[in-house]
Amino acid sequence: NTIRLWDRDTGQQINVLKGHFDGVTAVAMDGTMVVSGSGDNTIRLWDRDTGQQINVLKGHFDGVTAVAMDGTMVVSGSGDNTIRLW
């Protein structure tokens with residue numbers, strides 16, 4: 001139910017992102033944001049540096065199995081057989 005951010009050079013944990021109510025099944029990241037999908041049917045957006053949750057996207061009726069993002073949009077795929085653009 002958590003996402004852990006690690007420094008790849010030192011192996012040290014940087015942050016723990018907590019908020020999902022089921023296992024995290026998909027993660028994407030850019031320079032400032034982390035996007036996660038979960039079996040709790042939600043997509044969550046996080047500030048990469050502070051670990052603060054920015055938003056919760058609700059709309060899927062089954063677990064989220066894939067997420068991707070670009071500079072302005074998030075796309076998610078789910079076991080409900082839909083792909084959503086946010």
Side-chain angles (χ1 to χ4, degrees):
N1 303 4
T2 62
I3 301 158
R4 296 178 187 271
L5 303 180
W6 301 87
D7 183 305
R8 66 180 178 191
D9 295 327
T10 67
Q12 297 296 308
Q13 182 175 292
I14 298 169
N15 218 330
V16 179
L17 311 179
K18 299 179 183 178
H20 283 291
F21 297 105
D22 201 342
V24 175
T25 54
V27 177
M29 187 170 73
D30 68 8
T32 61
M33 190 179 303
V34 176
V35 176
S36 58
S38 168
D40 66 9
N41 306 351
T42 67
I43 297 100
R44 295 178 188 260
L45 285 71
W46 313 84
D47 182 291
R48 191 187 77 172
D49 294 328
T50 67
Q52 293 296 310
Q53 186 173 282
I54 298 168
N55 203 351
V56 179
L57 306 176
K58 298 178 181 179
H60 284 294
F61 297 103
D62 202 349
V64 177
T65 57
V67 294
M69 60 186 202
D70 66 9
T72 60
M73 296 184 72
V74 173
V75 62
S76 59
S78 167
D80 65 11
N81 298 318
T82 65
I83 295 172
R84 294 185 181 263
L85 299 174
W86 308 85

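Everything quoted here is computed from the prediction, not taken from an experiment.
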(request) Evaluate the criterion side-chain contact (heavy atoms from CB on, under 4.5 Å) for residue pair His20 and Thr42; output intermediate values, then yes/no. (result) CA-CA 8 Å; His20 283 291; Thr42 67; 3.4 Å; yes
(message) Please give me the minimum heavy-atom distance between Ala28 and Ala68, naming the atom from each residue.
(response) CB-CA, 4.2 Å
(request) Considering non-hydrogen atoms only, spot the tightest contact between Ser76 and Trp86 and give its length. (result) OG-NE1, 2.8 Å
(request) May I ask you to check whether over 12 heavy atoms, not counting those of Ile83, lie within 6.0 Å of atom CD1? (result) no
(request) Run the numbers on Met69 and Val74 for side-chain contact (heavy atoms from CB on, under 4.5 Å), then give the verdict. (result) CA-CA 4 Å; Met69 60 186 202; Val74 173; 4.1 Å; yes
(message) Do Trp46 and Ile14 sit in one hydrophobic cluster, given that two such residues count as connected whenever their side-chain heavy atoms are within less than 4.5 Å of each other, even indirectly?
(response) yes
(request) Output the distance between atom OG1 (Thr2) and atom CG (Leu17), rounded to the nearest 0.5 Å. (result) 8.0 Å
(request) Indicate, with yes or no, if Val27 and Val35 share a hydrophobic cluster defined by side-chain heavy-atom contacts under 4.5 Å among Ile, Leu, Val, Met, Phe, Trp and Tyr. (result) no
(request) From the options Asn55, Leu45, Asp49, select the one residue that forms a side chain to side chain contact (heavy atoms under 4.5 Å, CB included) with Met33. (result) Leu45
(request) Provide the closest heavy-atom pair for Ser78 versus Gly63 in the form atom of the first, atom of the second, distance. (result) OG-O, 3.0 Å
